[in-house]
Every structure is written in C-alpha cells, then in structure tokens.
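Here the structure comes first, spelled out in structure tokens, and everything after it is commentary.
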Amino acid sequence: MRWAVTFGAGSALFIFGSALAQPAPSSIRPEVRPVADTVSRAQALDPVVIAKPSVARPQARPASLAELSAADAGFQQWIAEFRSRAQAQGIDSATFDRAFAGVRYDPDVIKHDSNQSEFTKTIWDYLDSAASDSRIRNGKAALRDHARTLEAIEARYGVEKEVVVAVWGLESAFGAVRGRNDVIRSLATLAYDGRRGAFFEAQLIAALTILQSGDTTPRNMTGSWAGAMGHTQFMPTSYLDYAVDFTGDGKRDIWSDDPTDALASTAAYLAKFGWTKGQPWGVEVKLPGNFNYASANRKTKRNPSEWARLGVVGVNGEPVPDHGPASILLPAGGQGVALMIFDNFAVIERYNTADAYVIGVGHLSDRIGGGQAFRGDWPRGDRALTFSERKEMQRRLTAAGFSTQGIDGRIGPKTLDAVRAFQQSQGLSADGYASLQLLKRLR
C-alpha cells in the first residue's frame with residue numbers, strides 16, 4: 001500500500017510505490033494520505049511524535065559531496081533528537097539502535113518526493129498498463145499457482161480472490177517489484193527533510209514498533225522510497241492495524257517470497273472496511289442521449305433498476321442487476337467509458353484514493369476472472385493537464401466567477417463543481433471533465 005497524491009478527474013495523478021513504476025491518472029479526491037490508512041493511526045500516537053523537530057532542515061537539495069555531508073550532519077543531529085521522541089512512544093533503546101545502525105541521509109528519496117507533482121498520465125494510458133495482456137496473463141497464472149491459499153483467504157475474509165490478486169498485481173507486479181529501499185532510512189529522511197515531516201515521523205514510529213515486535217529485522221524491512229512495504233505495499237501504520245499472520249508462524253511476514261501473509265492482510269483490510277462478497281466494484285454502462293450529466297456524481301445514488309428507468313443500462317442493453325445503491329462515474333467525461341459504481345468501489349478506494357487505481361484494480365480483477373475489456377471509447381486525442389495548467393484552470397474558473405475554493409493544482413470535488421457550473425453557463429454538457437479543451441475555452 002502506498003500513499004497517493006491526487007490531482008483530478010480527466011487530469012493526472014502521481015502514485016508512488018506502484019509496480020507500474022509510472023504516473024497514474026487522477027482521482028476526484030484531492031487529499032494526500034497513506035493508502036489503506038486514513039492517517040487516523042497517527043492520532044493514536046502521542047502528539048510528541050508529530051511535533052516539529054527543532055533541528056533546522058537544509059533549504060537546498062544536496063548537489064555536491066560537501067552539501068551532502070552537511071545534510072547528513074543535520075540528519076544525524078535530527079536522529080539524536082528523534083530518539084527521545086521515539087522512546088516516549090515506547091521504542092526501547094536496543095530496537096532504536098539496531099534500526100538506525102549505519103543509517104544515513106538519502107537525497108534520492110527527497111528527489112522523488114519533490115518531483116512527483118509534475119508527472120501526468122491519462123486514465124486510458126494508465127489502464128492500458130494496469131490491465132495489459134501480460135498483466136492479465138500473469139494474474140491468471142497467480143490464481144492457478146496460489147489457488148489453495150487464495151481460496152482459503154477468500155473463505156475466511158469474504159473477499160474474492162481475483163480482487164486480492166489484482167491488488168497484488170498493481171502493487172508489486174505479483175511480487176516481482178517490492179522495493180529495495182531501506183524503510184527506516186527512507187522514512188527518517190522524509191521525516192527530517194520531506195514535505196510532510198509529521199506524517200512520515202508517525203510512519204517511522206510505526207516501523208520501529210514493527211521491528212520491536214519481532215515481525216522482521218531492520219535490514220529486511222525494505223520497500224518503496226516512500227516506505228510502502230511488501231507484496232501489497234503496506235505503509236507501517238496500516239501494517240500495525242491490519243496485517244495478519246495467516247500462515248500461523250507467529251509473524252506477520254509481508255516481505256518474504258511467500259506472499260501468503262501479504263495476500264491475507266490485503267483481504268483482511270478490505271473486509272475490515274466493508275467489502276460485500278458478490279457485489280461488483282462497478283459495471284460498464286450505456287447512457288441515454290438525454291442523460292443529465294449533473295447526476296453523474298458520487299452523492300447521487302440509485303438502485304440499478306431506478307437508473308434503468310432513466311435509460312442507464314449495461315453495455316448489453318439490459319438493466320444492471322440490483323446489487324445495491326450505485327452512482328454513475330465518468331472518469332474521462334461524457335466522451336469516455338461510463339461506469340455504475342457500487343459500495344465496493346469505495347472499499348477499494350480505502351486502499352488508494354485515486355479513482356484510476358480503483359478502476360485499475362476492479363477492471364484487472366474482472367479480466368483475470370474471465371471478464372471482457374471495456375467496450376466504450378476514451379478521448380485518446382486528449383492529453384493530461386500539467387500541474388501548472390491545472391492551477392491555471394483553477395485561477396481562470398475563479399476569476400470567471402466559478403470559485404474553486406483554492407488554487408492548488410488538485411482537481412477535487414470543488415473544482416469539478418466549478419467546472420460543471422462553467423460548462424452549464426456555456427451551454428456545454430456538464431460532465432465535469434477538466435480537459436485541455438476546457439482550459440482553452442477559459443482562456
């Protein structure tokens with residue numbers, strides 16, 4: 001599990017820690033938060049953990065040996081001060097010393113952290129990779145190779161094995177790309193010199209707690225540059241709350257070549273947040289010509305039979321079965337694939353807030369289970385907006401009288417509302433698609 005920086009529907013999002021090793025498209029959620037963790041774990045920790053360290057942090061990124069040496073000197077001083085905060089949270093001296101033995105400042109981690117916001121990718125490009133032929137083929141092989149384990153996990157937690165395997169596929173390419181960074185070094189560097197020091201210090205305390213429990217060793221605790229660990233990329237706080245020992249060996253081992261505990265932990269996590277077995281995450285649908293695009297939002301929920309009376313049916317032309325209340329999602333506006341999404345969509349979203357990620361997991365799970373590719377088209381002639389273009393769109397919308405309630409480059413619900421209002425004022429389909437064409441119209 002990673003944490004995600006979301007930018008906006010029809011725009012772009014950068015997810016780090018993913019086996020896709022590339023930018024992914026956006027979510028309508030504008031938060032920055034850990035995957036499978038709402039940061040609530042940090043609230044359970046004493047506030048001293050997230051207190052701002054008194055050590056001055058370097059203002060420039062190390063560009064030379066001298067600067068790197070100076071940065072590391074400041075980092076070592078920070079570690080010395082952090083030690084008392086860790087001990088106040090129950091971390092004993094022996095655990096702390098083992099964890100930080102030889103740990104030095106990592107400038108590459110800071111480069112990743114500072115550069116992420118400019119990466120862009122459209123949702124269709126992301127899905128082309130997330131549910132590629134090779135990933136589907138490897139997912140089916142994983143289902144066969146781990147059939148007995150996955151069936152036992154599904155029986156215990158009530159989460160379909162295809163969904164668990166799809167998460168595994170997107171997070172680490174079925175275990176092939178689990179990350180080789182020293183988690184303690186990465187988290188400590190980010191806590192010292194990153195944009196979100198408080199968050200990463202809480203994650204660092206959680207990582208030390210894991211080590212103290214004996215589930216793994218400091219140098220075996222490897223993961224992404226942002227501290228996500230194992231086959232399904234748990235952040236340390238998520239691990240503490242949701243990881244399980246499915247093998248019964250006394251350790252919740254998500255790092256070893258055996259993926260059993262990691263897969264079971266993923267299922268346990270999804271079950272914890274209300275997964276409904278037998279309910280789809282979403283279904284591709286066809287919209288009628290007179291569809292009211294303003295109703296395509298997460299707040300508007302109707303049973304599929306009600307949507308059918310409004311002309312919204314499955315791609316086969318038949319009403320979608322009544323799996324429960326559902327919303328209509330247009331991830332690329334009215335010119336793209338239309339989805340009817342159910343409560344299980346929101347459960348996957350707890351793993352990662354990006355709509356594109358949720359669609360990727362859901363669609364990959366369908367495909368490895370024998371389902372078909374999306375039938376609808378995508379506006380493939382469009383490109384994702386850059387970070388500066390997203391900010392420009394927000395500025396121009398606000399100046400035109402359609403306030404986005406902030407200029408931050410993240411196309412969240414308030415910006416989408418402003419986009420719809422502007423579209424309506426121009427006599428356009430109010431599908432909320434924040435496209436380059438719309439930006440040009442604003443100009």
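We count residues from 1, following the sequence as given.
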Enter the distance from [X]:[atom1] to [Y]:[atom2] here, rounded to the nearest 0.5 Å.
| X | Y | atom1 | atom2 | value |
| --- | --- | --- | --- | --- |
| S265 | D241 | OG | CG | 12.0 Å |
| M340 | E284 | CE | CD | 11.5 Å |
| S224 | R180 | OG | CZ | 14.0 Å |
| E392 | L397 | CD | CG | 10.0 Å |
| N303 | R309 | CG | CZ | 8.5 Å |
| E201 | F82 | CD | CZ | 5.0 Å |

Taking [X] for the side chain and [Y] for the main chain, is one N or O donor matched with an acceptor at less than 3.5 Å?
| X | Y | value |
| --- | --- | --- |
| S213 | I210 | yes |
| S295 | N292 | yes |
| R252 | A243 | yes |
| Q203 | T237 | yes |
| D261 | F246 | yes |
| T300 | A296 | no |
| Q279 | H323 | yes |
| E160 | K277 | no |
| S365 | V163 | no |
| S186 | D182 | yes |

Are [X] and [Y] linked by a side-chain donor-acceptor pair shorter than 3.5 Å?
| X | Y | answer |
| --- | --- | --- |
| Y357 | E171 | yes |
| Q394 | D408 | yes |
| W281 | D366 | yes |
| T415 | D417 | no |
| Q423 | D431 | yes |
| T260 | D258 | yes |

Check [X] against [Y] and note the closest heavy-atom contact, atom names and distance.
| X | Y | answer |
| --- | --- | --- |
| D322 | P304 | OD1-CD, 3.0 Å |
| L208 | A86 | CD1-CB, 4.3 Å |
| G336 | P379 | CA-CD, 4.0 Å |
| P236 | M229 | CA-CE, 3.9 Å |
| Y433 | L438 | O-CD2, 3.8 Å |
| Y293 | R420 | O-NE, 4.3 Å |

Subject >> Parallel, tilted or perpendicular: rings of F422 and F402 (30°, 60°) >> reply: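 The arrangement is perpendicular - the two ring planes meet at more than 60°.
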
Original post:
In terms of ring plane angle, is the pair H112 and W225 parallel, tilted or perpendicular, where the classes change at 30° and 60°?
Top reply: parallel

**OP:** Evaluate the ring pair (Phe, Tyr, Trp, His ring centres under 6.0 Å) criterion for residues W124 and F374: first the C-alpha distance (whole Å), next the side-chain angles of each, then the deciding distance (0.1 Å), finally the verdict.
**Re:** CA-CA 11 Å; W124 46 92; F374 288 130; over 10 Å; no

Original post:
Do R185 and D108 pass the salt bridge (Lys or Arg N to Asp or Glu O under 4.0 Å) test, and can you show the C-alpha distance, the side-chain angles, and the key distance before you say yes or no?
Top reply: CA-CA 11 Å; R185 182 184 186 187; D108 290 336; over 6 Å; no

Check whether any side-chain heavy atom of [X] lies under 4.5 Å from a side-chain heavy atom of [Y], and answer yes or no.
| X | Y | value |
| --- | --- | --- |
| V347 | V159 | no |
| T122 | D382 | no |
| T276 | F342 | no |
| T232 | Y269 | no |
| D355 | R298 | yes |
| V358 | V361 | no |
| I184 | L204 | yes |
| K286 | V315 | yes |

[X] atom [atom1]: more than 12 heavy-atom contacts under 6.0 Å:
| X | atom1 | answer |
| --- | --- | --- |
| R148 | CZ | no |
| Q426 | CD | yes |
| E389 | CD | yes |

Subject >> Salt-bridge contact R178-D257 (side-chain N to carboxylate O under 4.0 Å) >> reply: yes

Original post:
Under 4.0 Å between a Lys/Arg side-chain N and an Asp/Glu carboxylate O for K121 and D128?
Top reply: no

**OP:** Verify side-chain contact (heavy atoms from CB on, under 4.5 Å) between Y239 and I254, making sure each step is shown before the conclusion.
**Re:** CA-CA 9 Å; Y239 176 98; I254 65 173; 3.7 Å; yes

Subject >> Test log, rule side-chain contact (heavy atoms from CB on, under 4.5 Å), inputs R135 and L170 >> reply: CA-CA 9 Å; R135 200 177 297 270; L170 263 65; 4.0 Å; yes

Original post:
Step by step, would you call V244 with Y157 a side-chain contact (heavy atoms from CB on, under 4.5 Å)?
Top reply: CA-CA 11 Å; V244 298; Y157 298 107; 3.6 Å; yes

**OP:** Go through the steps to decide whether L436 and L385 satisfy the test side-chain contact (heavy atoms from CB on, under 4.5 Å), and finish with yes or no.
**Re:** CA-CA 6 Å; L436 180 60; L385 295 177; 4.0 Å; yes

Original post:
What about the rings of W78 and Y105, do their centers lie closer together than 6.0 Å?
Top reply: no

